[in-house]
Amino acid sequence: MMQIPDIKTSIGLLKRKETPIHIMRHCVRVALVSRYLGSKLRERGCDLCLELIMAGALLHDVSKYESIRNGGDHAEMGARFLKELGYPEVARIVKNHVYLDYDPGAGGGISEEIIVNYADKRVKHTDVVSLEDRFRDLQARYGLDAMRRQRIQALYQQSKEMERAIFSRLEIHPDDLTKIFRR
Ligand SMILES: [Fe+2]
């Protein structure tokens with residue numbers, strides 16, 4: 001039986017890791033976008049667990065603050081933390097939220113990981129933006145040398161492929177997400 005922390009438990013875990021409020025808000029935003037995409041895809045027949053998507057999205061940056069303070073890969077650290085608590089499925093989503101082993105050729109199925117990874121790429125702080133906007137910001141902040149710029153560019157290409165895979169199943173356009181979540 002899969003163990004998935006509910007919303008209250010997930011928020012409690014973020015607090016336990018002393019997550020600052022701006023990261024907390026980002027996680028909630030990613031969770032709302034993820035749940036929206038997950039439920040739309042479910043309507044289209046994709047076999048997805050919304051509870052798993054919610055927990056994975058809420059907790060994707062659970063170790064972000066720890067990594068800012070002490071260094072380390074926050075995706076790996078978050079995954080380890082959740083695995084030790086007995087949530088291996090949620091851990092897998094957290095581990096894959098930055099870099100995802102994604103091969104669009106391999107069946108082309110949509111997983112919970114793909115949704116959370118993609119939603120995180122669409123949320124800049126708490127704003128829902130286009131992939132182009134988000135990656136322009138990432139390049140400006142982290143593209144410090146040619147190697148890093150190339151890695152970010154590769155991630156952008158992968159995100160575009162995920163976007164095509166997700167929205168080919170839906171009747172809405174990627175830009176509609178920005179409008180739906182505009183505050
Ligand atoms: Fe992250």
Side-chain angles (χ1 to χ4, degrees), residues 2 4 7 10 25-61 74-76 78-79 82 87-143 148-183:
M2 182 162 41
I4 303 171
I7 293 173
S10 298
R25 287 199 183 112
H26 166 76
C27 291
V28 169
R29 201 76 172 149
V30 173
L32 293 175
V33 173
S34 298
R35 187 180 61 183
Y36 177 82
L37 290 173
S39 59
K40 287 278 168 204
L41 287 161
R42 271 182 63 87
E43 286 171 17
R44 292 313 180 102
C46 294
D47 180 23
L48 294 163
C49 175
L50 289 182
E51 288 74 23
L52 182 56
I53 288 174
M54 277 302 280
L58 280 173
L59 290 162
H60 79 277
D61 274 343
H74 78 282
E76 297 275 352
L82 293 165
Y87 304 123
E89 294 85 2
V90 183
R92 200 190 52 199
I93 295 177
V94 173
K95 188 181 158 72
N96 285 306
H97 88 266
V98 184
Y99 298 105
L100 176 67
D101 244 338
Y102 176 62
D103 178 3
I110 303 284
S111 63
E112 289 84 358
E113 281 110 303
I114 289 177
I115 293 174
V116 175
N117 184 300
Y118 174 75
D120 185 38
K121 304 288 183 292
R122 291 291 306 268
V123 179
K124 182 165 85 179
H125 310 298
T126 55
D127 294 332
V128 178
V129 299
S130 66
L131 284 182
E132 287 68 25
D133 280 355
R134 176 74 150 121
F135 276 88
R136 211 174 295 129
D137 175 61
L138 290 175
Q139 284 290 14
R141 275 157 64 199
Y142 303 112
R148 273 177 256 208
R149 281 194 291 276
Q150 205 180 353
R151 205 183 302 154
I152 294 168
Q153 183 60 24
L155 205 53
Y156 169 69
Q157 295 300 342
Q158 189 192 50
S159 301
K160 281 306 268 189
E161 281 171 25
M162 285 194 270
E163 182 165 81
R164 277 191 284 272
I166 291 169
F167 287 88
S168 69
R169 289 165 166 85
L170 303 178
E171 275 173 347
I172 56 167
H173 186 269
D175 290 343
D176 294 333
L177 216 49
T178 306
K179 291 172 203 147
I180 291 161
F181 285 91
R182 183 165 292 150
R183 288 165 299 169

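Nothing fancy with the numbering, it's 1 onward along the sequence. All figures in this text were calculated on a predicted structure; none of them were measured in a lab.
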So how far is it from [X] [atom1] to [Y] [atom2], rounded to the nearest 0.5 Å?
X	Y	atom1	atom2	result
Lys121	Ser130	NZ	OG	14.5 Å
Asp127	Arg134	CG	CZ	10.5 Å
Ile93	Ile53	CD1	CD1	7.0 Å
Ile180	Leu32	CD1	CG	12.5 Å
Glu161	Ile114	CD	CD1	10.5 Å
Leu138	Ile152	CG	CD1	6.0 Å

State, yes or no, whether a side-chain contact exists between [X] and [Y] at a heavy-atom distance under 4.5 Å.
X	Y	value
Val33	Tyr118	no
Cys49	Ile4	yes
Leu37	Leu170	yes
Gln158	Tyr99	no
Leu177	Phe167	yes
Ile172	Tyr36	yes
Lys95	Leu82	no
Glu112	Glu51	no

Would the number of heavy atoms belonging to other residues, nucleotides or ligands and lying under 6.0 Å from CD of Gln150 be above 12? no
Does atom CG (Asp47) have a neighbourhood of more than 12 heavy atoms from anything else shown, all under 6.0 Å? no
Should [X] and [Y] count as an ion pair when the cut-off is N to O under 4.0 Å?
X	Y	result
Lys40	Glu171	no
Arg141	Asp137	yes
Lys160	Glu163	yes
Glu43	Arg169	no

Would you please say whether a donor-acceptor pair under 3.5 Å links the side chains of Asp120 and His26? yes
Taking atom types as modelled and ignoring hydrogens, do the side chains of Arg122 and Thr178 form a donor-acceptor contact shorter than 3.5 angstrom? yes
Heavy-atom closest contact ([X] atom, [Y] atom, distance):
X	Y	result
Cys27	Asp61	SG-CB, 3.8 Å
Ala57	Ala31	CB-CA, 3.5 Å
Leu48	Ile110	CD2-O, 3.4 Å

Have a look at His97 and tell me which of Glu113, His60, His74 forms a side chain to side chain donor-acceptor pair (under 3.5 Å) with it. His74
Going through the checks in order, is the side-chain contact (heavy atoms from CB on, under 4.5 Å) test met by Arg29 and Phe181? CA-CA 9 Å; Arg29 201 76 172 149; Phe181 285 91; 3.7 Å; yes
Output yes when a side-chain donor or acceptor of Arg149 lies under 3.5 Å from a complementary backbone atom of Gly143, and no otherwise. yes
